[in-house]
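Index from 1, following the sequence. Keep in mind that the numbers below use all heavy atoms, side chains included, and drop hydrogens, waters and symmetry copies. First listed ligand is number 1; within each ligand, the first listed atom is number 1.
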Amino acid sequence: MTLQIKPDSADYVARISGVDLSRPLDEASVGAIVEASDKYAVLVFHDQPLTDEQLVNFGASFGPLDVGLQEKLMKKVQDRYASAAISDISNVDGSSGDVADRKHKQAIMNVGNRFWHSDSSYDRHPYRYSILTAKTVASKGGATEYADLRAAYDALDEDTKALIADRTATFYSHFTRQWLGIEDRPEDLRVFPPVRWPMVRTHPGSGRKLLWCDSKVCEISGMSIPEGRALAHELIEHIGQRERVYSHYWQPHDVILYDNRSVLHRGRRFDMTERREMRRVATVDSSEALEQAPVSVALPAGMLAAG
Ligand code: OGA
Ligand code: MN
């Protein structure tokens with residue numbers, strides 16, 4: 001059986017069948033998946049139960065996998081998997097194996113995923129593809145939503161296109177955590193120093209321009225901090241308009257490969273007393289942020305504890 005690509009009603013989403021992701025992929029299949037992702041950005045595969053090793057191998061067919069997030073930050077919360085390439089996107093308490101209390105760091109960390117974001121947009125070397133798979137799903141809610149940054153750029157009015165054309169935005173990993181009221185240790189706040197990106201980028205695979213803004217944006221060049229944050233908020237609202245959003249309601253063993261250069265995503269609310277268990281691997285992109293910004297840009301006086 002050969003790979004089949006069935007476009008969804010959202011024109012940047014496709015369902016892929018005719019491939020077994022647990023087995024090594026030949027070059028032609030990898031090429032076909034990359035080509036499909038340039039067009040569709042969100043590729044949904046159903047009924048693909050993968051062991052951790054198979055998930056890592058599938059991800060690694062698309063490029064080197066990131067281990068930095070787990071090594072530098074997440075393993076301080078918990079470290080359940082043999083491979084640092086796997087991110088634990090679950091509300092499971094690693095020490096008991098049960099559903100984590102809602103105040104557990106693991107549960108709180110995932111609340112940050114409810115804001116529109118591109119994985120690792122705050123990193124100098126961000127992610128290209130993320131591959132997310134569901135093991136145990138919530139009985140209600142818990143969808144993951146995707147929104148196309150290329151369509152969002154196209155739909156901007158000409159004044160807004162001109163306003164952002166030559167601006168850069170500063171992305172800071174802990175910005176949403178601060179908004180949520182999570183108090184992180186000063187040393188953790190500096191693990192990923194803020195980075196600056198152009199607000200308009202071109203997606204290499206499709207040649208399309210895209211609006212590069214997500215909930216990590218804490219400052220926009222040439223604007224006061226409040227003006228920049230208000231504009232970022234407005235742009236994220238524009239990106240997340242209903243007609244541009246695909247909501248994925250998970251079945252166990254669904255796998256989604258999404259291109260972080262083309263779409264934002266967010267996790268939706270669910271009953272946190274239920275178990276929701278996902279795993280993710282991600283490839284590192286070759287594009288690089290323009291520069292690092294000082295940590296103090298994102299941390300107005302008083303937010304950064306002494307030391
Ligand atoms: C992620 C993420 C959202 C979700 O894994 O990168 O943002 O629905 N997940 O779990
Ligand atoms: Mn994410």
Side-chain angles (χ1 to χ4, degrees), residues 13 37 41-45 50 52 55-56 58-59 62 65-70 73-74 77-78 80-81 83-92 99-100 102 104 106-123 126-149 171-177 180 192 212-217 236 239-240 245-272 274-285:
V13 178
S37 81
V42 179
L43 304 181
V44 180
F45 304 79
L50 298 179
D52 292 348
L55 175 63
V56 167
F58 173 57
F62 300 95
L65 298 181
D66 175 65
V67 292
L69 181 60
Q70 183 66 14
L73 271 185
M74 285 176 72
V77 177
Q78 61 185 30
R80 291 202 289 154
Y81 303 118
S83 168
I86 301 181
S87 293
D88 185 359
I89 314 292
S90 78
N91 62 344
V92 175
V99 174
R102 65 198 327 138
H104 192 289
Q106 178 65 26
I108 286 175
M109 187 163 58
N110 283 305
V111 175
N113 284 342
R114 292 189 201 162
F115 294 88
W116 285 113
H117 65 282
S118 171
D119 290 331
S120 257
S121 58
Y122 53 78
D123 196 340
Y127 293 169
R128 181 174 297 177
Y129 305 118
S130 290
I131 296 160
L132 185 59
T133 183
K135 298 291 168 190
T136 310
V137 303
S139 64
K140 253 189 357 193
T144 305
E145 294 187 331
Y146 294 89
D148 189 349
L149 293 170
F171 291 66
Y172 180 52
S173 63
H174 281 58
F175 188 52
T176 42
R177 291 175 68 85
L180 288 169
F192 291 104
W212 190 237
C213 182
D214 77 3
S215 58
K216 305 294 184 190
V217 171
I236 293 163
I239 292 164
V245 172
Y246 164 70
S247 302
H248 186 77
Y249 291 90
W250 293 91
Q251 295 296 321
H253 313 311
D254 282 352
V255 173
I256 296 190
L257 180 150
Y258 52 95
D259 186 337
N260 284 296
R261 301 167 300 182
S262 310
V263 283
L264 298 189
H265 63 282
R266 65 173 176 180
R268 300 314 306 268
R269 200 153 42 76
F270 61 99
D271 175 353
M272 285 175 75
E274 285 188 14
R275 188 183 187 99
R276 180 179 187 266
E277 195 168 1
M278 323 274 287
R279 283 168 216 188
R280 190 192 73 193
V281 295
T283 68
V284 182
D285 192 38

Which ligand 1 atoms are under 4.0 Å away from a heavy-atom of G267?
-> 3 (C), 4 (C), 8 (O)

Indicate whether the side chain of D259 and that of S37 have a donor and an acceptor atom separated by less than 3.5 Å.
-> no

Short side-chain donor-acceptor distance under 3.5 Å, K216 and T176 = yes

Going by the atom numbers of ligand 1, which of them fall below 4.0 Å from some non-hydrogen atom of H117?
-> 7 (O)

If the plane angle is over 60° it's perpendicular, under 30° parallel, otherwise tilted; pick one for F62 and F58.
-> perpendicular

Measuring from the heavy atoms of R114, does anything fall under 4.0 Å of ligand 1?
-> no

Do D119 and H265 have side-chain N/O donor and acceptor atoms under 3.5 Å apart?
-> yes

Considering heavy atoms of the protein only, find what lies nearest to atom 6 (O) of ligand 1 and give residue, atom and distance to 0.1 Å.
-> R280 NH1, 2.7 Å

Can you say whether the rings of W250 and H248 are parallel (under 30°), tilted (30 to 60°) or perpendicular (over 60°)?
-> perpendicular

Would you name the N/O/S atom of D119 that lies closest to the Mn ion (ligand 2)?
-> OD1

Residues R266 and S215: side-chain donor-acceptor under 3.5 angstrom = no

Could you please compute the angle at the Mn ion (ligand 2) from NE2 of H265 to NE2 of H117, rounded to 10°?
-> 90°

Around atom 10 (O) of ligand 1, find the nearest protein heavy atom and jot down its residue, atom name and distance.
-> R276 NH1, 2.8 Å

So which of Y127, Y129, F45, Y146 actually passes ring pair (Phe, Tyr, Trp, His ring centres under 6.0 Å) with Y258?
-> Y146

Considering only protein heavy atoms, which is closest to atom 9 (N) of ligand 1, and at what distance to one decimal place?
-> N113 ND2, 3.8 Å

Please could you name the atoms of ligand 1 that D119 approaches to less than 4.0 Å, counting only its heavy atoms?
-> 6 (O)

Is the closest heavy-atom distance from Y258 to ligand 1 below 4.0 Å?
-> yes

Below 4.0 angstrom from a heavy atom of I89, which ligand 1 atoms are there? Numbered from 1 as shown, please.
-> 5 (O), 10 (O)

What atoms of ligand 1 come closer than 4.0 angstrom to any heavy atom of H265?
-> 1 (C), 2 (C), 6 (O), 7 (O)

Report the distance from atom NZ of K140 to atom CZ of R269, rounding to the nearest 0.5 Å.
-> 10.0 Å

With atoms numbered from 1 as shown, which atoms in ligand 1 lie under 4.0 angstrom from a non-hydrogen atom of T144?
-> 4 (C), 8 (O)

Examine the proximity of ligand 1 to R268 and report which part, side chain or backbone, both or neither, has a heavy atom under 4.0 Å away.
-> neither

